[in-house]
2 protein chains.
Amino acid sequence: MFSYGRRMARTQGSHSGITGPKIREAALRLFAQQGYAAVSMRQIAKEVGVQAGALYNYTPDKQSLLFSLMKSHMTELLAAWDAVPPAAGAMERMRAFTGFHIRFHLERPDAVFIAYMELRNLTDENFAVIETLRRDYENGVEGILKQGVEQGVFRIPDTKIATLAVIAMLNGVNTWYRSEGRLTLNEVERVYWEMVQKAVSA
Amino acid sequence: MFSYGRRMARTQGSHSGITGPKIREAALRLFAQQGYAAVSMRQIAKEVGVQAGALYNYTPDKQSLLFSLMKSHMTELLAAWDAVPPAAGAMERMRAFTGFHIRFHLERPDAVFIAYMELRNLTDENFAVIETLRRDYENGVEGILKQGVEQGVFRIPDTKIATLAVIAMLNGVNTWYRSEGRLTLNEVERVYWEMVQKAVSA
DNA sequence: GTCTATACCAAGATAGAC
DNA sequence: GTCTATCTTGGTATAGAC
């Protein structure tokens with residue numbers, strides 16, 4: 001039996017250079033499907049095609065991986081909303097928000113699911129960071145509602161509650177929408193905007 | 001050193017006769033706080049004040065415990081809504097539903113949290129049972145909306161979506177309401193009813 | 001009905017070779 | 001950068017004594 005030396009039967013990993021992103025993708029999907037606590041590092045490694053030990057070249061521990069995924073999601077959300085050109089009136093701004101929120105969240109159901117479901121699995125320190133980002137987003141929405149009340153186009157007894165109510169309602173889309181389903185994305189947007197608009201209007 | 005015999009230093013358990021309910025209460029609280037997968041049988045036992053092995057006198061396994069808690073919650077929800085005297089008109093029925101849903105859910109935040117968050121930790125068989133119960137509840141709400149559309153008091157492009165949107169909005173109350181907070185339960189009910197009413201009205 | 005003890009397995013994380 | 005091997009801890013569930 002001869003040998004090609006160390007080049008043969010190479011089991012030392014692919015060194016592909018994209019292991020980092022692949023780990024994040026696999027973790028995102030698995031955490032969303034089964035929950036953070038139910039997913040093992042070995043399972044993530046298997047999905048990526050490496051051994052469990054190799055994961056620790058990319059994350060110091062499992063908690064940091066979860067936190068990083070959640071933080072990325074929240075900062076992307078804020079950046080994307082910031083990038084939407086602001087309309088003048090509150091009504092039009094609210095309409096833009098409704099459409100933006102639905103589309104952004106439907107495009108990344110796994111990240112959204114994790115961002116809401118795994119808050120309790122964050123350390124206190126990490127939780128505080130995510131909470132601040134979430135609050136920033138909510139404050140942006142409340143600003144629109146307040147503007148609308150001042151302009152007299154909205155009638156809202158409590159803008160903070162209305163903010164949370166609208167966001168909760170829109171988040172519900174992710175639980176039932178399927179792209180092959182009965183309604184197109186535009187129709188979904190229209191139906192929800194009608195409800196939101198009526199709910200907040202004067 | 002003398003001894004009182006086997007009556008002394010009794011470590012053989014309390015035999016209190018209420019261990020069963022205590023296990024369910026502890027499991028409900030812990031599952032809600034930390035998630036089903038993150039809670040161990042040892043932890044539940046510790047809360048109850050027994051050893052882990054003793055739990056298996058009350059449940060065949062951890063999965064059955066989760067399922068039993070979720071099923072109890074859903075059947076209680078359906079029974080409680082059935083017990084509400086039905087009003088004549090759709091508008092009044094919807095108002096009764098809004099108040100009922102908010103109050104029922106605020107009274108059992110842990111059970112509600114579990115019912116929504118732990119669906120993915122049920123076996124396929126158990127999941128199907130819970131889903132059917134949830135569907136029954138939703139169909140009751142959709143019935144009201146359909147009646148309102150027929151009577152001309154509601155204008156709703158899609159009663160199924162509106163049902164899910166209303167429920168999602170109302171469920172949001174559980175994420176922020178605190179009894180010591182700024183608003184009384186009656187005020188919360190009023191604020192949400194105003195939004196729901198406007199959202200579905202013609 | 002509960003205890004103690006344990007079988008059995010899988011988890012997160014690390015060490016050192018390559 | 002990844003592998004293999006392993007340390008340590010803690011999980012579910014069961015057996016048999018009391």
Side-chain angles (χ1 to χ4, degrees), chain A residues 3-28 30-31 33-69 118 120-123 126, chain B residues 3-27 30-31 33-69 118 121-123 126:
Chain A
S3 162
Y4 290 148
R6 49 203 313 232
R7 291 186 191 283
M8 187 196 171
R10 195 156 165 276
T11 60
Q12 293 290 108
S14 67
H15 299 272
S16 62
I18 57 160
T19 302
K22 281 171 78 177
I23 289 171
R24 294 173 64 86
E25 286 158 25
L28 192 77
L30 291 171
F31 288 166
Q33 282 169 5
Q34 308 177 36
Y36 171 76
V39 174
S40 69
M41 295 298 268
R42 288 181 182 35
Q43 202 178 348
I44 297 169
K46 193 173 184 181
E47 286 280 307
V48 175
V50 297
Q51 291 299 313
L55 298 182
Y56 293 88
N57 290 318
Y58 298 91
T59 180
D61 50 37
K62 194 183 172 192
Q63 165 72 203
S64 301
L65 181 54
L66 173 65
F67 175 61
S68 173
L69 291 171
E118 302 297 355
R120 63 185 169 190
N121 283 310
L122 292 173
T123 62
N126 290 341
Chain B
S3 161
Y4 290 148
R6 49 202 315 227
R7 291 185 192 284
M8 188 195 170
R10 194 157 165 278
T11 60
Q12 293 292 108
S14 67
H15 298 272
S16 62
I18 56 158
T19 301
K22 281 171 77 178
I23 289 171
R24 293 174 64 85
E25 286 159 24
L30 291 171
F31 288 167
Q33 281 168 6
Q34 309 176 36
Y36 171 76
V39 175
S40 70
M41 295 298 267
R42 291 200 229 278
Q43 203 178 347
I44 297 170
K46 192 173 185 179
E47 286 280 306
V48 174
V50 297
Q51 292 299 314
L55 298 182
Y56 292 89
N57 290 318
Y58 298 90
T59 180
D61 51 36
K62 195 183 170 191
Q63 165 73 203
S64 301
L65 181 54
L66 173 65
F67 175 62
S68 172
L69 292 171
E118 303 297 355
N121 283 310
L122 292 172
T123 62
N126 289 341

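Given the structure is predicted, the values throughout are model-derived calculations rather than measurements.
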Counting only side-chain N and O atoms of [X], is one of them less than 4.0 Å from OP1 or OP2 of [N]?
{"X": "A/Arg42", "N": "C/dA10", "value": "no"}
{"X": "B/Ser40", "N": "D/dG10", "value": "no"}
{"X": "B/Gln51", "N": "C/dT2", "value": "no"}

Could you tell me whether the side chain of [X] and the main chain of [Y] form a donor-acceptor pair under 3.5 Å?
{"X": "A/Lys46", "Y": "A/Gln51", "answer": "no"}
{"X": "A/Gln63", "Y": "A/Thr123", "answer": "yes"}
{"X": "A/Glu47", "Y": "A/Ala26", "answer": "no"}

- request: Check every strand shown and say whether A/Val48 touches a base, only sugar-phosphate, or nothing at a heavy-atom separation below 4.0 Å.
  value: nothing
[N] [atom2] sits how many Å from [X] [atom1], rounded?
{"X": "B/Asn121", "N": "D/dT12", "atom1": "CG", "atom2": "C1'", "value": "15 Å"}
{"X": "A/Ile44", "N": "C/dA11", "atom1": "CD1", "atom2": "P", "value": "11 Å"}
{"X": "B/Met41", "N": "D/dG11", "atom1": "CE", "atom2": "P", "value": "12 Å"}
{"X": "A/Tyr36", "N": "C/dA11", "atom1": "OH", "atom2": "P", "value": "14 Å"}
{"X": "A/Lys46", "N": "C/dA11", "atom1": "NZ", "atom2": "P", "value": "11 Å"}
{"X": "B/Leu65", "N": "D/dT12", "atom1": "CG", "atom2": "C1'", "value": "13 Å"}
{"X": "B/Ile23", "N": "D/dT12", "atom1": "CD1", "atom2": "P", "value": "14 Å"}
{"X": "A/Leu55", "N": "C/dG12", "atom1": "CG", "atom2": "P", "value": "10 Å"}

- line: Result for 5'-nearest mapping on DNA chain C, choosing between A/Gly53 and A/Gln43, is A/Gln43
[X] side-chain proximity, nearest of [options]:
{"X": "A/Asn57", "options": "D/dT2, D/dT12, C/dA13", "result": "D/dT2"}
{"X": "A/Ala54", "options": "D/dT14, C/dG12, D/dT2", "result": "D/dT2"}
{"X": "A/Tyr58", "options": "C/dG12, D/dG1, D/dC3", "result": "D/dG1"}
{"X": "B/Thr19", "options": "D/dT12, D/dT2, C/dT2", "result": "C/dT2"}

task: Determine whether B/Gln33 and A/Arg120 make a side-chain contact, defined as any pair of heavy atoms from C-beta on separated by less than 4.5 Å.
output: no
query: Under 3.5 Å, is there a donor-acceptor pair between the B/Ser68 and B/Arg24 side chains?
result: yes
